[in-house]
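Here's the structure we're looking at; comments come further down.
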Amino acid sequence: MANLSYLPPVLALSLLVVFAADASTLQDYCVTILGNSVCKDPKLVEANDFFFSVLHIAGNTTNPTGSRVTPVFAAQLPGLNTLGISMARVDIAPWGINPPHSHPRATEIFTVLEGTLEVGFITSNPENRHFRKVLQKGDVFVFPIGLIHYQRNIGNAHVVAIAALSSQNPGGITIGNAMFGATPEIASEVLVKAFQLDKTIINYLQSKF
Ligand SMILES: *[C@@H]1O[C@H](CO)[C@@H](O)[C@H](O)[C@H]1NC(C)=O
C-alpha cells in the first residue's frame, strides 16, 4: 500500500476506495470438474457448464424454521468457478424465518419477488447496531460481508426472494447451529457463561440442534 499520510484524510480515504478493485481472473473461465480443482479442458467446455435450471422450483419449507435456501453456488454450477459471484432462491412460509446467519466470504444483495419480509443485520462489536427494514415485492436490501443477518415473513403469503452474493462459495454460518450443534459439542460451561443461561437450558438447546 502506498504511503498516503501526506494527503488530507478525505482524499486519502477516497484513494483507498479506488484501490479496492475486484481481483481479475487469468482466463475467460475455469469450469471445474466435480470433485476436482483443475479446470476442464476449454475445448470440452459447453453451454451446459454455465447453466442450471432450478430457481423456478419452490423450496420445501416444511421444517422447524419454515424456510428453505436453494443455492446456486460453484458446487451446483461449475461454470461459476473463479468468477466471484453466486445466487440463491429463498422460500419462507407465512411467519417463518431464515434464521440469523452470516456469509464469511460474501456481501449479499437481496430482492423480494413475492410477499412481505422483515430483514435485519447487526454490526460488529461494540456497537452491535441492528439495522431493520420491511421489504415488499421489488425492494432491494444489502447485507454487508460477514455480518449476522436474518429474514422473517411477516405476512400470510409465501415469500420468494432472490439473493446474489459476491463469492462463488459464500459459506454460511447459522448462529444457533454453530453454537448449539457443533461437532464435537462446545462445553456447556462455555455456553452457560457466553449466553448467561442455566445449564439445563443450554443442554436443552444442544438437544434441539
Ligand atoms: C417437504 O419436507 C417434509 C419434511 O421433510 C416432507 O415430509 C415432505 O414430503 C416434503 N414435501 C415435498 C413436496 O417434497
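Counting convention: from 1, in listed order, for ligands and their atoms alike.
Residues Tyr150 and His130 share a closest heavy-atom pair of OH-NE2, 2.8 Å. Nearest approach of Ser86 to Val72, heavy atoms of both residues: CB-O, 3.3 Å.
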Q: Please test Asn203 against Leu205 for side-chain contact (heavy atoms from CB on, under 4.5 Å), starting from the C-alpha separation and ending with a verdict.
A: CA-CA 5 Å; Asn203 291 342; Leu205 288 170; over 6 Å; no

All N/O donor-acceptor pairs, side-chain side in residues 155-165, below 3.5 Å, sequence neighbours left out:
{"from": "Asn156", "atom 1": "OD1", "to": "Trp95", "atom 2": "NE1", "distance (Å)": "3.0"}
{"from": "His158", "atom 1": "NE2", "to": "Asp91", "atom 2": "OD1", "distance (Å)": "2.9"}

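If you chain together hydrophobic residues whose side chains sit under 4.5 Å apart, Phe121 and Leu117 fall into the same group.
Sorted by chain and number, the heavy-atom contacts of ligand 1 below 4.0 Å come from Asn60, Thr62.
Ring-plane geometry between His103 and His149 is classed as tilted, the angle between the planes lying from 30 to 60 degrees on a 0 to 90 degree scale.
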